[in-house]
Structures are given as C-alpha cells and as structure tokens.
Amino acid sequence: VVALKNQGANTDGDFDIPKLGAGLKGMAGGMAYGVNVAAQLGDDVDSFLATFNGKMDMGSANLKFNVAAGQNTKEFGLYSNKLAASTDDTLFAAAFAQLAMGIADNQTLRFGAGYVMEDDDTTDTSRMTVFVNDQITFAPGFFVTPEVSYYDEEDGESSFHVGAKWQVNF
C-alpha cells in the first residue's frame, strides 16, 4: 500500500509508506492435582490453559486480539461455573478483539468485542459484549472516555450501558 505524498498537479514521485508492524505472542500451561471428595476419593483433575494474543499497527490504527482455550481454568484464577471440589471437566474458550484509530491528535476511537464460553457437561454458558469508546485528551495526563456498551449475559438477559470515565495521571 503506497500513498502519494503530493497529490497536486505536479506529482514528483514522493511517497509515504504507512507504518505497518505486527507482533504475536502465545503461552500455555497445565497442572494436575488430586481431589478427595467422599464419592470420588483419589480422582485427579487436569487443568490447562493456552492463550494466543497479538497486535498489529497500521498507521494511526491498531488491532489487538486475544484467544484463549482451556479446561478447568478456575484453578488458574479465571471465572468458572465449576465447583472447586468437582472432578467434572469444564471446557473454556474466550476471544477478544479491539480496533483503535487515531481520528485526531487528541482523540482515539475504539471498537471492540469479547466472547466467553464454558461447558461443564451439565451447563453451557456464554457471555458476549461489544463496545465503542472515544478517548479525548484535553491536556497531557487528563482525558475523558465516553463509552457505549452492550452485554449479552449467560442467563439470556442483555443490557445496554452508556457512560464516561475521566482520568488524571500524575
């Protein structure tokens, strides 16, 4: 992708090449432990979690994403419907993506979506959210971020939120 720098009648061949960079990172971990539940004495629980995330810069815009999958992820500190003493396996999958664009020197517009799914053989749950916000910087270290969000909760309920955050960095 190449854009002409001078687009007047006299194009002298000067070109701007947009900044393009990408980075990817992943990790995985696992553990196993025994559970002493009266009816399930000596059963083992296997847990694992794998994540893959990345960021791609494209001029004044960037795309960030994260994908995760695992089993019995409550042991890694993630939210889960799994009971602590249960040996039933709970599968987990999640994804998040955000597109950010600088629309002015003091404004960054962001669009994002996230999804989480769990399946423990008795209960299937999923949650989803989408949002748009606009960070407006008034002075170095002082900004306001109005946001509109939509949540689709696991119980079939959905909600719509409108708000703003202001922040002062010292």
Distance (rounded to the nearest 0.5 Å) between [X] [atom1] and [Y] [atom2]:
X    : Y    : atom1 : atom2 : value
K64  : M56  : NZ    : CE    : 15.0 Å
L109 : I136 : CG    : CD1   : 9.5 Å
M101 : D134 : CE    : CG    : 10.0 Å
S159 : Y150 : OG    : OH    : 8.0 Å
K165 : Q135 : NZ    : CD    : 7.0 Å
N62  : L99  : CG    : CG    : 7.5 Å

| task | Spell out, yes or no, whether Y151 and V162 are grouped together once hydrophobic residues are joined by side-chain heavy atoms under 4.5 Å, including indirect joins. | result |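 No; V162 is not reachable from Y151 via cluster members.
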| query | Does any pair with a residue in residues 119-147 pass ring pair (Phe, Tyr, Trp, His ring centres under 6.0 Å), and if so which ones, sequence neighbours excluded? | reply |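 Of all non-adjacent pairs touching residues 119-147, those that pass ring pair (Phe, Tyr, Trp, His ring centres under 6.0 Å) are F138-F142.
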| task | Identify the two heavy atoms, one from F92 and one from A68, that lie closest to each other, and give their separation to 0.1 Å. | result |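 Of all heavy-atom pairs spanning F92 and A68, the closest is CE2-CB, 4.1 Å.
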| request: Check side-chain hydrogen bond (donor to acceptor under 3.5 Å, both in side chains) between E147 and all other residues, then give those that pass, not counting sequence neighbours. | output: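 side-chain hydrogen bond (donor to acceptor under 3.5 Å, both in side chains) check on E147 returns N133, S149.
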| query | side-chain hydrogen bond (donor to acceptor under 3.5 Å, both in side chains) with E157: which residues, sequence neighbours excluded? | reply |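 Counting only residues at least two positions away or on another chain, E157 forms no side-chain hydrogen bond (donor to acceptor under 3.5 Å, both in side chains).
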| How about V130 and F111: do any of their side-chain heavy atoms sit closer than 4.5 Å? |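 They are not in contact (no side-chain heavy atoms under 4.5 Å apart), so the answer is no.
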